[in-house]
Participant: 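Have a look at this one before I ask anything.
In this chain, residues are counted from 1 in sequence order.
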Amino acid sequence: MRRIRPITALALLALVASAALPRPGVAQATEGDYLYKVSMLRAAPGKWVELLDILEAADAVHAEAGDAAPFLMRHSQGDQWDFMLIYPMGDHDEYHAADRKARRARAWSRPEHRDLALRWEAATAYHEGWFARSVPLDEMRRRFEGMGFFHVEMFAGLPGKRRELIGQRRMENRYYEHLDRQLNLIFVRDSGPNWDAMTLGFYPDLQAYAAAGARYSEAEQDEAARAAGFDGVDAISPYLRSLLSYHHDTLAVRVR
């Protein structure tokens, strides 16, 4: 007769936290052709709080300019940036249409808004902007709803490995799907710096992130990995590493 093991504190935490996670469902979108600008900012020394205030104040200018406010998160641990902003653009032609450029110029040319832009520049020590395509804006907003903690991974593939790298990201989502876990959003490079892809995982909080994989046995994880096309769960990370020139791995929390 098989002996029933008692529920450990870790397993109990996993059960409680997993109840708060959104279920993927077979139709969950993870990719798309909607254009986003992903900006990473590091505050100048002593300017962290001021830069956050500036970023939040800029929402009113974005609205006046006819632009959607960016999704804003702050670094918790990992990469060098303090803030990541994901700006909805739609497409280059749409975003840079003459009427929208004129409205944007009028909004930012107001004296108080010009001052805000100058303060923004003075409070920023590092700025990197990257353009990528992912899910439609409505889906992005839905995924952010109620979420407060994020796992951000950015990848630069080895020469000739870009397509395979993106394929590996899709395989990992299939692995999550077999475990009935939420799927990561996949961002694919459009233009800008050397990042080929970014994945974004959504969690209500740190506890949910920590417990996300704890409720599965090694056998369950291995079975899901093989179903997704990997040579077992222990092969997921080595395969990813074999495709990479470098990558950055960051935990972040929502600002709003």
Participant: Please test Glu128 against Trp81 for side chain to side chain contact (heavy atoms under 4.5 Å, CB included), starting from the C-alpha separation and ending with a verdict.
Facilitator: CA-CA 9 Å; Glu128 181 178 359; Trp81 49 265; over 6 Å; no

Participant: Starting from Leu206, can I reach Val253 by hopping between I/L/V/M/F/W/Y residues whose side chains sit under 4.5 Å apart?
Facilitator: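 In one cluster: yes.
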
Participant: Using modelled atom types only, decide if a donor and an acceptor are shared between the side chain of Arg143 and the backbone of Met147 within a distance under 3.5 Å.
Facilitator: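 Answer holds: no.
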
Participant: Sorted by first residue and then second, give each salt bridge (charged side-chain N to carboxylate O under 4.0 Å, His left out) pair with at least one member in residues 61-88; sequence neighbours left out.
Facilitator: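 Counting only pairs at least two positions apart or across chains, the salt bridge (charged side-chain N to carboxylate O under 4.0 Å, His left out) contacts touching residues 61-88 are Glu64-Arg110, Asp67-Arg100, Asp67-Arg104.
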
Participant: Start with the C-alpha gap between Arg162 and Val188, add the side-chain angles, then the distance that decides, and say whether side chain to side chain contact (heavy atoms under 4.5 Å, CB included) holds.
Facilitator: CA-CA 10 Å; Arg162 180 175 182 265; Val188 178; 3.3 Å; yes

Participant: Might you point out which heavy atoms bring Ala69 and Asp59 nearest each other, and give the distance in Å?
Facilitator: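 Heavy atoms of Ala69 and Asp59 come nearest at CB-OD1, 3.6 Å.
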
Participant: I'd like to know whether Arg169 forms a salt bridge (Lys or Arg N to Asp or Glu O under 4.0 Å) with Glu172, so could you lay out the CA-CA distance, the side-chain angles of the two residues, the decisive distance to 0.1 Å, and finally the verdict.
Facilitator: CA-CA 5 Å; Arg169 296 286 79 206; Glu172 191 160 315; 2.7 Å; yes

Participant: Under a 4.0 Å threshold between the charged nitrogen and the carboxylate oxygen, would Glu139 count as salt-bridged to Arg142?
Facilitator: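 Salt bridge present between Arg142 and Glu139.
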
Participant: Take atom CD in Glu223; do more than 12 heavy atoms of anything else shown fall under 6.0 Å from it?
Facilitator: no

Participant: For the pair His113 (side chain) and Ala107 (backbone), establish whether a donor and an acceptor sit closer than 3.5 Å, ignoring hydrogens and angles.
Facilitator: yes

Participant: Could you measure the distance from the CD1 atom of Ile186 to the CD atom of Glu153? Nearest 0.5 Å is fine.
Facilitator: 11.0 Å

Participant: Side chains of Gln207 and Phe149: does their closest heavy-atom pair fall under 4.5 Å?
Facilitator: no

Participant: Are Leu118 and Leu55 connected into the same hydrophobic cluster when the rule is that any two of I, L, V, M, F, W, Y join if their side-chain heavy atoms are below 4.5 Å apart?
Facilitator: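 Result: no, two separate clusters.
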
Participant: Under the 3.5 angstrom rule, does the side chain of Trp108 hit a backbone N or O of Ala117 as a donor-acceptor pair?
Facilitator: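 Checking the backbone N and O of Ala117 against the side chain of Trp108, no donor-acceptor pair under 3.5 Å is found.
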
Participant: Please name the pair of heavy atoms, one in Gly129 and one in Pro193, separated by the smallest distance, quoted to 0.1 Å.
Facilitator: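 Residues Gly129 and Pro193, closest heavy atoms: O-CD, 2.8 Å.
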
Participant: Return the orientation label for the His92 and Phe131 ring planes: parallel under 30°, perpendicular over 60°, tilted otherwise.
Facilitator: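 If you compare the ring of His92 with that of Phe131, the planes turn out tilted.
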
Participant: Looking at Ala212 and Tyr203, what are the two nearest heavy atoms and their distance?
Facilitator: CB-CE2, 3.9 Å

Participant: Compute whether any side-chain donor of one residue and acceptor of the other, for Tyr246 and Asn194, lie under 3.5 angstrom apart.
Facilitator: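 Note: Tyr246 and Asn194 side chains meet the donor-acceptor criterion.
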
Participant: Heavy-atom distance under 4.5 Å between the side chains of Asn173 and Thr199, does that happen here?
Facilitator: no

Participant: Do the side chains of Leu137 and Tyr95 join up, straight or via other hydrophobic residues, at under 4.5 Å, putting them in one cluster?
Facilitator: no

Participant: For the backbone of Val233 and the side chain of Asp222, can you confirm whether one donor and one acceptor N or O come within less than 3.5 Å of each other?
Facilitator: yes

Participant: What pairs with Arg106 under side chain to side chain contact (heavy atoms under 4.5 Å, CB included), at least two apart in sequence or on another chain?
Facilitator: Ala102, Arg103

Participant: Any side-chain heavy atom of Phe71 sitting closer than 4.5 Å to one from Pro88?
Facilitator: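 Yes, side chains in contact.
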
Participant: Is the CD atom of Glu112 crowded by more than 12 outside heavy atoms at less than 6.0 Å?
Facilitator: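 For Glu112, atom CD is crowded (more than 12 foreign heavy atoms under 6.0 Å).
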
Participant: CE/Met154 to CG/Asp249 distance, rounded to the nearest 0.5 angstrom?
Facilitator: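 So the CE of Met154 and the CG of Asp249 are separated by 11.5 Å.
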
Participant: Check for a donor-acceptor pair, side chain of Arg170 on one end and backbone N or O of Thr30 on the other, with a separation under 3.5 Å.
Facilitator: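 Looks like no, no N/O pair under 3.5 Å.
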
Participant: Mind checking the CG-OH spacing from Leu35 to Tyr87? Nearest 0.5 Å is all I need.
Facilitator: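 One finds 13.5 Å between CG of Leu35 and OH of Tyr87.
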
Participant: Run the salt bridge (Lys or Arg N to Asp or Glu O under 4.0 Å) test against Arg133 and tell me which residues pass, sequence neighbours left out.
Facilitator: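 Arg133 satisfies salt bridge (Lys or Arg N to Asp or Glu O under 4.0 Å) with Asp33, Asp91, Asp190 once adjacent residues are dropped.
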
Participant: With a 4.5 Å cut-off on side-chain heavy atoms, are His247 and Asp196 touching?
Facilitator: no

Participant: Check the angle between the aromatic planes of Tyr36 and Phe187 and answer parallel, tilted or perpendicular using the 30° and 60° thresholds.
Facilitator: perpendicular

Participant: Taking atom CG of Leu41 and atom NZ of Lys47, what is their separation to the nearest 0.5 Å?
Facilitator: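 Leu41 atom CG to Lys47 atom NZ measures 15.0 Å (nearest 0.5 Å).
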
Participant: Among Thr250, Leu200, Leu251, Leu85, find the residue that satisfies the side-chain contact (heavy atoms from CB on, under 4.5 Å) test when tested with Met73.
Facilitator: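 Exactly one candidate clears the test, Leu200.
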
Participant: Is there a side-chain contact between Phe155 and Leu240, using heavy atoms and a 4.5 Å cut-off?
Facilitator: yes

Participant: Hydrophobic clusters here meaning ILVMFWY residues chained together by side-chain heavy-atom distances under 4.5 Å, can you tell me if Met89 and Met84 are in one?
Facilitator: no

Participant: For the CG atom of Asp53 and the CH2 atom of Trp120, what is their distance to the nearest 0.5 Å?
Facilitator: 13.0 Å

Participant: Testing the basics here: between Ala123 and Ile54, what is the closest heavy-atom pair and its distance to 0.1 Å?
Facilitator: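 So the two residues come closest at CB-CD1, 4.1 Å.
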
Participant: Which heavy atom of Leu165 sits nearest a heavy atom of Ala156, and at what distance?
Facilitator: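 Closest approach of Leu165 to Ala156: CD2-C, 4.5 Å.
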
Participant: Could you check whether any side-chain heavy atom of His96 comes within less than 4.5 Å of a side-chain heavy atom of Lys101, counting everything from C-beta outward?
Facilitator: yes

Participant: Phe83 vs Trp48 aromatic rings, parallel, tilted or perpendicular, using cut-offs 30° and 60°?
Facilitator: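 Rings of Phe83 and Trp48: tilted, 30 to 60°.
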
Participant: Do Ile86 and Pro70 make a side-chain contact, defined as non-hydrogen atoms from C-beta onward lying under 4.5 Å apart?
Facilitator: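 Counting from C-beta outward, Ile86 and Pro70 never come under 4.5 Å.
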
Participant: Using side chain to side chain contact (heavy atoms under 4.5 Å, CB included), reason through Ile166 and Arg163 one step at a time and then give a plain yes or no.
Facilitator: CA-CA 5 Å; Ile166 295 168; Arg163 290 186 179 182; 5.9 Å; no

Participant: CZ of Arg114: more than 12 outside heavy atoms within 6.0 angstrom?
Facilitator: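 Yes - once you tally the heavy atoms of other residues, nucleotides and ligands closer than 6.0 Å, there are more than 12.
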
Participant: For the atom pair OG1 (Thr124) and CE (Met40), what is the distance rounded to the nearest 0.5 Å?
Facilitator: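 Nearest 0.5 Å value for the OG1-CE distance: 13.5 Å.
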
Participant: Are Glu220 and His178 close enough that some pair of their side-chain heavy atoms sits under 4.5 Å apart?
Facilitator: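 The answer is no; the side chains never approach within 4.5 Å.
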
Participant: Hey, does the side chain of Tyr216 reach the backbone of Leu179 with a donor-acceptor pair shorter than 3.5 angstrom?
Facilitator: yes

